[in-house]
Every structure is written in C-alpha cells, then in structure tokens.
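Encoded as structure tokens, the structure appears first; notes follow it.
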Number of protein chains: 2
Amino acid sequence: MPKLSESAIRKRKDTIEAAARELFIKQGFHATSMRDISKRATVSLGNLYNYYPTKDAIFESIIDGYLEIIDEELKAIFNGIDEPMEPSNLRKLGENVGLLVDKHSDFWLLMYIDVLEFRNQHFRKMFDGITDRFRKIFGSRFAEAESRGDLRTGVDAAPVFTAAYMQFFNYFLVEKLFGGNQHLGLTDEQALNCLTKIFAYGTLSEKSLAKFKREASTLTA
Amino acid sequence: MPKLSESAIRKRKDTIEAAARELFIKQGFHATSMRDISKRATVSLGNLYNYYPTKDAIFESIIDGYLEIIDEELKAIFNGIDEPMEPSNLRKLGENVGLLVDKHSDFWLLMYIDVLEFRNQHFRKMFDGITDRFRKIFGSRFAEAESRGDLRTGVDAAPVFTAAYMQFFNYFLVEKLFGGNQHLGLTDEQALNCLTKIFAYGTLSEKSLAKFKREASTLTA
DNA sequence: AGATAAAAAACGGACGTTCATTTTTATTTG
DNA sequence: CAAATAAAAATGAACGTCCGTTTTTTATCT
C-alpha cells in the first residue's frame, strides 16, 4: 500500500477522534477502552496505534482540536461586542456564552476529565490570565468608558467584565451539567436579565445608567 | 468473634473511607483500585467487602458523609449572616466560601468525579432549588430589606444572593482547581472587594448605599 | 516486488469480586 | 478464673474478564 495522503490521514483521525470523544463524554476516559474506540470508529484495535501512540494522545488531540474551535467561537463572540460595558452587550455576552455552553456541552465535560485525570494541564490556558486577555481585547474601550465617566469611580472594568463572563459561564454550566434546573429560580431569559442588571448597576455610573435607562428597563427579571 | 460494636464498625469504615478519599482525589475513581484502598487503609482486600458491597458503595458513602459536613458548615456560614444583602455580610459570605473551598478542596473534586462517572446523581441536591432554600433561610430578611427600601425597585433579593454565592464559589474553585492563578488579575482580598461591590451596587438602592457608604468605601479593589 | 496500511492475535498485567480458610475474641462452661 | 465454644472478622489466593500495548500476519496498493 502506498502512503496515505495527508488529508486521508486527517480524515481517518477525525473519525477516530469523533468516536473517542463521544465515548469519553458518555462514559468517561478510564471507562472507555481502546477496543470501544476501535469498534465505534470501525478501525481495528491495532491500527489505532498507527495513528496515535497512546490512549492519552487521543485525548490530547481531541482537546487540542476542540480548544481551537472554542477559541474561534469565543473570538467571534468578543468581536460582536463593540462596547463591552454596555448593558445590552453584557446581556448579549451572556446569551452567547449560553449558546456556547449548550452547543459544546461535551467540551466542558472533557475539561472536568482533564481536571481529574491530568490535573487540568490541557485546560489551564482557558482561565490563566483571562483578565489580561480581556484587557488586551477591550482595553481601549474600557479606557474610553472610564474617560467618558460611564463607570463608577474606582471601578476597573476588566475584572468586572471577567467576572460577568465567568458568572454567565458558571450559570449555564450548572444548568447544563450539574442538574441545577433553574437554580436561580428563573428562566434562562430572566436569569440573563437579572445577572446583566447586577453587573450594569454594579459598575456603571448614575450618569451612564440614565443613558441606558431605556434598554436597562427592559431587563425585567 | 462476636459482632463488632457499632462504634468499632464506624471507626473501621472511617479509616477505609479516609484512605479511599485520599486516593480518589489524588488519582481519580477508576484509577484507584480496591487493592490500593486496602493497602492504604491496612485492611485486607477481601475484608473491604465485609464493609461495602462494591467499590461504588465506598464512593457513595464518602460523598454522603461529606455532604453532611459541608451542609453543616454552610449552615454555620448562613447563621453568621444576619442581614444578607448588607455589603459587609456579602463580603463575609465570600470570605467564608473561600475558606470552605480551601478547606475541602478535595470535596469539589469528588463532585467532578460524580459529574463524570455518575451523572452527578449524588451532588444534584447541592444546586437543585438552591434559590428556594435561600428564600427559606433569608426570606423574611429579604422582605424587610425590600420594605425598608434597601433594594432597587424590581430587584428580587433571592436570586441575587444566590448569584453572589455562586460567583464566590466559582471564583475560588477556578483559583483552586482550574489553575486560574489570580484570574481576575487581583489578589483574593481585592477580588472579594470587587465582587462584593458589584453585587452591592448592583442591587442596593441609592438610599441604602448611602447608609453603607462608610463600609462600602473600604472595599477598594 | 516492495512498501505501507489494516487486521488479527498475543502479551503481561491489573481489575473487581468471590470464597475457602484462618484468626480473633466475647461469651459460655466447668 | 481458665478453658472451650461459636460466631464473626480478617485474610489472601484464585477467578474470569478486560485493559493498553506490542507483535505478527494479511491485504492492498504502485
């Protein structure tokens, strides 16, 4: 047999990783055997080792690929935000985080697998220095908002935005993976409104809030 | 041998569970064998099965015991809060949640094990209906605060308090388990101040904030 | 034929659990 | 008080299965 083309190899790997991902998510990493993966991917057991040196390597490859996807989707979300501290944009952030959690709920399970089995070595970058990253993306917007007097005195927008981001994430993860069905006692829509309001009122100046009064008043929790 | 006394059995089980807990946390559930547990607990392999019918049962017993402890500690925390929406009390809540996460960081790892291996069946109760529980604990305080005009119009204190609780939890969990070293770009103290301020300013009326101005002004992030 | 992919078989070890056996000890007996 | 008893506790070898990985064999292409 001649050497497979690069794309053919990539295609094979994709099917293997898809099968492995589904199994890891459904039954965990340790509970998933190489035989399970080979069966689901319709690849012989031995042949798996022509593509990956170890079982761990499959997991790592899945995560690396996934991280890229998530990274892009997050970038798209942030690109859609022109004025990060504006209430309507904060809410939009929440909405999009919700969609992201929903769309890739398996991904976050992999994160927990990583925490438990690999001491989070693959996912560390997700949270490490996240505030600085937001500062890089929105730094000038934050500064403008401050110079316009949109923020309460003494408020640094970057950690607030990060906190909002984290809160939205956590809300939907708890809803999706931890069985807290409507744990805020609100529908998702209401919860988004409630959280948005907290962060808006919590950090915006009275002057600025008046400006957004009309929008903000629609955020009835 | 006559039957062991109830307390002797409890003592034995405690040592077994302590050993198992340490191993589960260090290397995960599947990666921990019954032989590992028996060695660490200095109990013979077979004898383990005189105390627990299966390996799963050991895990379940650990969680049940742990849930009780955490439940009590949480109760103590909430008992120490007389006025839940007061900024200083919100901050105290955050501090205590931080201590709880720190003291029992292994417990939260078990929670992730439960999510992955048991579909969170043992931990569901942690988040299910949590807002209602807060309403039961602080309902009258929430009502009083509202009638005093401490809250912004339209703000329901219960989900806000829950959101604050969740945010504090998430903050410390990310710090402790997900390697987000100072992910808000702040020290823990500063982060507590920052988050407290968000929730205080986010939900308290101007009138009420003036009342707490002195305390609130010490919350410099 | 020669090279490479794919499949199958084989390997050594570890797994959860069982079980026949031995050890332990509170109670009964002399 | 000491010896015998009986029931429970403790043991560790053994069981059958499955694991990740390696090696060998077979099939498939230029």
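Residue numbering restarts at 1 for every chain, and letters A, B, ... go by the order of the sequence lines.
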(request) Answer yes if the ring centres of A/Phe123 and A/Tyr66 are under 6.0 angstrom apart, and no otherwise. (result) no
(request) Rounded to the nearest angstrom, tell me the gap between atom CD in B/Gln27 and atom P in C/dC15. (result) 9 Å
(request) Kindly indicate whether the side chain of B/Tyr51, heavy atoms from C-beta on, has any atom under 4.5 Å from the side chain of B/Arg12. (result) yes
(request) May I ask you to test the B/Arg135-B/Pro159 pair for a side-chain heavy-atom distance under 4.5 Å? (result) yes
I'd like a table of donor-acceptor pairs (distance under 3.5 Å, sequence neighbours excluded) in which one partner is a side-chain atom from residues 16-27 of chain B, with atom names and distances.
unit_1, atom_1, unit_2, atom_2, d
B/Glu17, OE2, B/Arg10, NH2, 3.4
B/Glu17, OE2, B/Tyr52, OH, 2.7
B/Glu17, OE2, B/Ser61, OG, 2.6
B/Glu22, OE1, B/Arg40, NH1, 2.0
B/Gln27, NE2, B/Ala31, O, 3.4
B/Gln27, NE2, B/Thr32, OG1, 3.3
B/Gln27, NE2, B/Asp36, OD2, 3.2

(request) Pull out every residue in residues 16-26 of chain A that has a heavy atom closer than 4.0 Å to any atom of DNA chain C, ordered by number, or say none. (result) none
(message) Applying ring-ring contact (aromatic ring centres under 6.0 Å, His included), can you list everything that pairs with A/Phe168, at least two apart in sequence or on another chain?
(response) none
(request) Run the salt-bridge test on B/Glu189 and B/Arg91 with the 4.0 Å N-O cut-off and return the result as yes or no. (result) yes
(message) Cation-pi check for A/Phe29 against A/Lys55: NZ or CZ below 6.0 Å from the six-membered ring centre and within 45 degrees of the axis, yes or no?
(response) yes
(request) Rounded off to whole Å, could you give me the CG-to-P distance for the A/Asn47 and D/dT28 pair? (result) 14 Å
(message) Parallel, tilted or perpendicular, judged at 30° and 60°: which one describes the rings of B/Phe142 and B/Phe161?
(response) tilted
(request) May I ask you to verify if any side-chain N or O of B/Tyr51 is less than 4.0 angstrom from the OP1 or OP2 atom of D/dA10? (result) yes
(request) Would you mind telling me which residue lines up with the more 5' stretch of DNA chain C, A/Asn50 or A/Leu45, judged by nearest nucleotide? (result) A/Asn50
(message) Can you see if the side chain of B/Arg12 gets near the phosphate of D/dA9 - specifically, an N or O under 4.0 Å from OP1 or OP2?
(response) no
Using atom types as modelled, flag every donor-acceptor pair under 3.5 Å from a side chain in residues 71-78 of chain B to any protein atom, sequence neighbours excluded.
unit_1, atom_1, unit_2, atom_2, d
B/Glu73, OE2, B/Lys103, NZ, 3.0
B/Glu73, OE2, B/His104, NE2, 3.0

(message) Short of 4.0 Å, heavy atom to strand atom, which residues of residues 28-43 of chain A count as contacting DNA chain D?
(response) A/Thr32, A/Ser33, A/Met34, A/Arg35
(request) Would you please indicate if the ring centroids of A/Tyr171 and A/His183 are separated by under 6.0 Å? (result) yes
(message) For a quick test of reading the model: is some side-chain N or O of A/Ser44 closer than 4.0 Å to OP1 or OP2 of C/dA7?
(response) yes
(request) Check each residue of residues 54-65 of chain A for a non-hydrogen atom within less than 4.0 Å of any atom in DNA chain D, then write out the ones that pass by number, or none. (result) A/Thr54, A/Lys55
(message) Taking the side chain as everything from C-beta on, heavy atoms only, tell me whether A/Tyr201 gets closer than 4.5 Å to B/Ile198.
(response) no
